[in-house]
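Scroll down for the structure; my scribbles are underneath it.
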Amino acid sequence: MADTKREIERKYEATEATDATRLPELSRVAGVGQVEKRGVTELDAVYYDTADLRLASHSLTLRRRTGGADEGWHLKFPVASGIRDELHEPLADTLPPSFAALLRSRLRHTEPAPVVRLLSSRDVRHLNADDGTLLAEVSVDTVLAERLAGEGAGTTATWTEIEVELADDGDPAFLDAVGKRLRKAGVRPSDSPSKLARALAETAPVRKEKKPTADDPQTTGDHVLTYVREQIRTIVDLDPAVRRDLPDSVHKMRVATRRLRSAFKTYRRILDRETTDPIGAELKWLAGELGVDRDQEVLDQRLGDRTEALPGTLVLGPVRARLEVWSAARRTGSRRRITGVLDGERYLALLDTLDALAADPPLRPAASRAPAKELPRAVLKDYKKLARRMDHALEHPPGPERDAAMHEARKAAKRARYAADAARPALGKPAKRFAKRVKAVQTVLGDHQDSVVARDALRTLAIEAHAAGETTFTWGLLYGHEEATADARERELPEVWARASDPVLRADLKH
């Protein structure tokens, strides 16, 4: 796995009245005890992308750089404004396999090629505390950029910029103090988020300005497609996070697949199901593959929390050890399996199909109609399905049949909520209120279903413990706690559902 560093930095450039090669006296910044000159380094970086600049459009940076202490291949992912995760692999002639995997959802079967070369003369200073601790690195970079491919190839641009990068584990507030000092000296924040972005902008061919067009969604189809494209982009964006095993990444990617599939079902009057149904089937497959790991993760967390909440005197036998062994056995190879799915041709074909759908959507006649009528109609249709399933669940006495009915109602609640979320930009507060009430129903039903799954797991663990000659007291106690949780959710459900089924909520959606 590539080395990873969280990069927190600010970029600045001089105004016409100042000289960017001359820094103000930074020893006056609060906390700085010493400004240490580190000398000048010559850097030669070649940036790679596709012909249509697919990586740059996602704010990704891929480069091969020589010179400096960290020469090699670098791949940067945006985290927030001024914050990126930088991955590093040793210098090599070809793209490292680990980087190729992390970029697969963007590149597919396309090989990245050189698009820009940057030659930078970097004058570095360290801002140190009184005890010598590094607070930040300040560099004045004199840059020569050359476009290597595509339109504008051979075009060059030059500029000078100042970078202030926070030291590892540093306080971001320190960057504010440095920035204040720089602005007082007439140095202003850069308009470009990165050197690559500036190089692409300044070496691009000059084009005639086009008349501005309205970007706001107007028709029902516009709103649905905006939502659909947002989910597609989320899936693609989360691919490398899943591969890096970042927290909650699998869950978020799975939710995006579910939201997209749900949108296809809800908005069948807008998008032709002959096209979307086969895609929905593939999304269901992908969600299932992602769900194996996620479901076990949720169950592990639930059982672990329940066990930790018990007084020590009630935890009899090797309960925690058995939980760990049981979980490890069920999750063996899960990360490898997920990576295998993401590397597979079936998944890549799905991404290509989603791209084609976004570029050329199969719109039906209703897509051209006003959203004020079509969107409420779709949301209320999903609500009616939820209402039928809720009635069915509430009419059953406690037991397996009610458990199964509540699980089906949960899935319907999720779909109704997603439908309202998609309609929210057009319908505003009524859709927001509706989604909030339905989400409360989904939460109660979800906790109930989690208790059903947990009880089944606890019964299995108790049987295994008994067979090993261990006491099953704690497993029975945990089972009883889960039964009590399910009972509480069942008692809570009618009131929560009454708030979600308020006729006023539905009436507001139509106005």
Side-chain angles (χ1 to χ4, degrees), residues 1-4 85 87 97-98 101-102 104 235 238-258 284-344 346-347 403 407 410 446-486:
M1 180 62 70
D3 295 332
T4 304
D85 278 346
L87 284 66
S98 64
L102 291 172
R104 190 160 287 123
I235 292 171
L238 283 169
D239 178 294
V242 171
R243 294 174 186 271
R244 294 168 61 198
D245 200 16
L246 297 185
D248 216 28
S249 57
V250 171
H251 171 60
K252 290 178 179 177
M253 189 175 187
R254 189 185 186 194
V255 168
T257 64
R258 285 175 165 175
K284 183 178 181 180
W285 158 77
L286 178 58
E289 294 291 341
L290 296 170
V292 174
D293 189 64
R294 172 60 183 173
D295 290 343
Q296 186 62 38
E297 180 183 328
V298 171
L299 183 57
D300 290 348
Q301 184 70 44
R302 188 180 185 95
L303 297 183
D305 289 347
R306 291 285 198 199
T307 303
E308 290 303 319
L310 291 176
T313 55
L314 299 182
V315 181
L316 306 182
V319 173
R320 293 182 179 85
R322 180 164 291 282
L323 267 176
E324 290 177 4
V325 171
W326 175 79
S327 174
R330 289 169 63 93
R331 298 183 70 172
T332 297
S334 60
R335 300 303 311 171
R336 192 182 311 113
R337 186 191 64 254
I338 288 179
T339 301
V341 168
L342 299 185
D343 285 339
R346 183 175 181 178
Y347 169 70
D403 292 344
H407 182 46
R410 177 197 183 190
D447 195 30
H448 182 276
Q449 175 62 18
D450 288 347
S451 77
V452 172
V453 175
R455 276 178 280 161
D456 184 61
L458 288 166
R459 184 175 182 276
T460 299
L461 285 161
I463 292 172
E464 293 177 357
H466 177 74
E470 300 163 8
T471 176
T472 59
F473 172 83
T474 302
W475 303 115
L477 185 62
L478 292 171
Y479 191 98
H481 284 180
E482 289 294 350
E483 277 191 324
T485 295

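These numbers were taken from a predicted model, which means no experiment stands behind them. All heavy atoms count here, side chains included; hydrogens, waters and symmetry mates do not.
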So [Y] and [X], do their side chains get closer than 4.5 Å, heavy atoms only?
X	Y	answer
Leu458	His481	no
Asp450	Gln301	no
Leu314	Phe473	yes
Arg320	Glu308	yes
Val452	His407	no

> Passes side-chain contact (heavy atoms from CB on, under 4.5 Å), Leu323 versus Trp475? Steps please.
Replying inline: CA-CA 11 Å; Leu323 267 176; Trp475 303 115; 3.9 Å; yes
[X] [atom1] to [Y] [atom2] distance, which is reported to the nearest 0.5 Å:
X	Y	atom1	atom2	value
Arg254	Asp295	CZ	CG	4.5 Å
Leu310	Asp305	CG	CG	11.0 Å
Leu303	Leu478	CG	CG	7.5 Å
Arg243	Ile338	CZ	CD1	11.0 Å
Thr257	Ile235	OG1	CD1	6.0 Å
Leu461	Tyr479	CG	OH	12.5 Å

List the atom of [X], the atom of [Y], and the distance in Å for their closest heavy-atom pair.
X	Y	value
Tyr347	Trp285	N-CH2, 3.9 Å
Val242	Ser249	CA-OG, 3.5 Å
Asp239	Ala101	OD1-O, 4.3 Å
Leu299	Ala457	CD2-CB, 3.9 Å
His448	Ala486	CD2-O, 3.6 Å

>> Quick one, Asp85 with Arg244, criterion side-chain contact (heavy atoms from CB on, under 4.5 Å). Give me CA distance, side-chain angles, the key distance, then yes/no.
In response: CA-CA 11 Å; Asp85 278 346; Arg244 294 168 61 198; 3.1 Å; yes
> Does the pair Asp300 and Gln296 meet the rule for a side-chain contact (heavy atoms from CB on, under 4.5 Å), with working shown?
Replying inline: CA-CA 6 Å; Asp300 290 348; Gln296 186 62 38; 2.7 Å; yes
>> Can you tell me if Arg346 has over 12 outside heavy atoms packed within less than 6.0 Å of its CZ?
In response: yes
>> Strictly distance-based, threshold 3.5 Å: is any side-chain N or O of Arg459 a donor or acceptor partner for the main-chain N or O of Arg455?
In response: no
> Looking only at atom types and distance, does a side-chain atom of Arg410 sit under 3.5 Å from a main-chain N or O of Gln449, one as donor and one as acceptor?
Replying inline: no
>> Apply side-chain contact (heavy atoms from CB on, under 4.5 Å) to residues Lys252 and Leu246 and explain how you reach the verdict.
In response: CA-CA 11 Å; Lys252 290 178 179 177; Leu246 297 185; over 6 Å; no
> Below 4.0 angstrom, N of the basic side chain to O of the carboxylate: do Arg302 and Asp447 qualify?
Replying inline: yes
>> Taking the basic N atoms (NZ, or NE/NH1/NH2) and the acidic carboxylate oxygens, is any pair closer than 4.0 Å for Asp343 and Arg104?
In response: yes
> With a 3.5 Å cut-off and no angle check, do the side chains of Thr485 and Arg306 form a donor-acceptor pair?
Replying inline: yes
